[in-house]
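Structure record follows, encoded as structure tokens.
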Number of protein chains: 2
Amino acid sequence: MLLDMRDYYTPGEVAERFALTLDTLRYYEKAGLLRRVERSPSGHRRYRTDDVELLHLVRCLRDTDMPIARLRDFAELVRAGDHTVPDRVEVLQGHQRRLDERIAELRDRQAVIQHKIDYYLGVLAERTPEPVEETI
Amino acid sequence: MLLDMRDYYTPGEVAERFALTLDTLRYYEKAGLLRRVERSPSGHRRYRTDDVELLHLVRCLRDTDMPIARLRDFAELVRAGDHTVPDRVEVLQGHQRRLDERIAELRDRQAVIQHKIDYYLGVLAERTPEPVEETI
DNA sequence: ATGGGACCTGGAGTGCGCTCCAGGTCAAGG
DNA sequence: CCTTGACCTGGAGCGCACTCCAGGTCCCAT
């Protein structure tokens with residue numbers, strides 16, 4: 001049962017894993033979100049563990065609306081070497097802060113919307129003046 | 001001290017109140033998010049309390065990423081009359097549900113990002129092996 | 001009467017993040 | 001040998017939500 005110990009992943013595998021299209025994957029590379037990915041002799045991409053890990057983070061950051069431009073800046077820090085770790089931390093912490101704010105905003109807006117729903121439900125209750133059912 | 005009891009608002013006032021541009025305000029009207037707004041004899045828009053209230057809700061829904069198309073559908077329900085209140089409730093409740101999901105997703109992603117931050121902080125701590133300061 | 005400011009119109013332009021396409025290469029299986 | 005499928009390229013196109021613009025009107029204060 002030949003365990004497949006390849007040390008790389010094909011574009012199809014990576015795309016599926018992160019629920020991205022091949023186009024998006026290539027777009028991210030062009031945009032500088034990934035380093036220039038390795039190739040097989042035939043020119044097909046080979047994603048290394050490093051790429052996949054970075055892509056995992058990229059996915060999280062995109063899912064939370066970090067713009068491509070900021071992601072590229074972050075990726076450049078990664079490529080620049082270990083001495084940029086403090087800068088990377090700062091970028092990520094800034095993002096977390098913005099996320100906290102965004103979540104708080106969503107909650108606030110939700111409250112306003114809930115008021116409207118409750119108002120509507122009140123209107124409905126009035127319109128159908130169903131007698132309160134009493135348990136004897 | 002002549003209290004200004006106008007029963008309408010100018011475009012400028014409305015735009016400022018909701019932090020929208022005049023262009024966006026007109027765009028929303030064209031897009032069907034507001035009913036065709038009244039005009040002064042000179043052709044300038046006059047927003048009524050109704051418009052302002054709807055716009056307030058529209059603002060909340062846009063701030064929480066409801067697409068323009070769905071907002072237009074909602075606005076059409078509003079225009080269609082009181083019998084659509086149950087439908088409106090359903091639209092709003094559906095949106096609340098999606099918001100709950102979105103918030104949950106943001107939190108999940110935040111956790112992943114926090115792991116990365118912690119990992120980086122670990123790397124940094126190792127690199128500068130500061131002796132633990134002990135309180136005597 | 002003149003200048004400024006708020007507003008009007010229709011339509012073009014922008015930025016973002018993909019998404020699609022035509023035409024091509026390569027490797028494996030029947 | 002031929003087909004199939006996975007992948008390649010550069011570049012065009014798309015959907016969304018605005019945003020900007022030129023050229024115009026109206027009204028009020030100096």
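Chain naming here is simple, since letters A, B, ... match the order of the sequence lines and numbering starts at 1 in each.
Atom pair B:L20:CG and D:dT19:C1' shows a separation of 13 Å (rounding to whole Å applied). If you measure from atom CG of B:L71 to atom C1' of D:dC18, you get 14 Å, rounded to the nearest angstrom.
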Derivation of the salt bridge (Lys or Arg N to Asp or Glu O under 4.0 Å) call for A:D65 and A:R70: CA-CA 10 Å; A:D65 301 321; A:R70 205 197 322 279; over 6 Å; no
Working for side-chain hydrogen bond (donor to acceptor under 3.5 Å, both in side chains), residues A:Q114 and A:D118: CA-CA 6 Å; A:Q114 194 57 49; A:D118 292 343; 3.2 Å; yes
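B:S40 comes within 4.0 angstrom of nothing in the nucleic acid, heavy atoms only.
A:R107 places no side-chain N or O within 3.5 Å of a backbone atom of B:I103 that could act as its donor or acceptor partner.
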Summary of protein contacts for nucleotides 14-27 of chain C, nucleotide by nucleotide, where a base hit scores B, a sugar-phosphate-only hit scores S (4.0 Å, heavy atoms): ---BBBBB----S-
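B:E38 and B:R48 are joined by a salt bridge, as a carboxylate oxygen and a charged side-chain nitrogen come within less than 4.0 angstrom of each other.
Non-hydrogen atoms lying under 4.0 Å from DNA chain D are contributed by nothing in residues 45-59 of chain B.
Using modelled atom types and a 3.5 Å distance limit, the side chains of A:R88 and B:Y120 yield a donor-acceptor pair. Using modelled atom types and a 3.5 Å distance limit, the side chains of A:H44 and A:T10 yield no donor-acceptor pair.
At a threshold of 4.5 Å between non-hydrogen side-chain atoms, the residues A:L106 and B:L106 count as touching.
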Can you give each donor-acceptor pair under 3.5 Å made by side-chain atoms of residues 17-28 of chain A, sequence neighbours left out, with the distance rounded to 0.1 Å?
residue, atom, partner, partner atom, Å
A:T21, OG1, A:D23, N, 3.4
A:T21, OG1, A:T24, N, 3.0
A:T21, OG1, A:T24, OG1, 2.8
A:D23, OD1, A:R26, NH2, 3.3

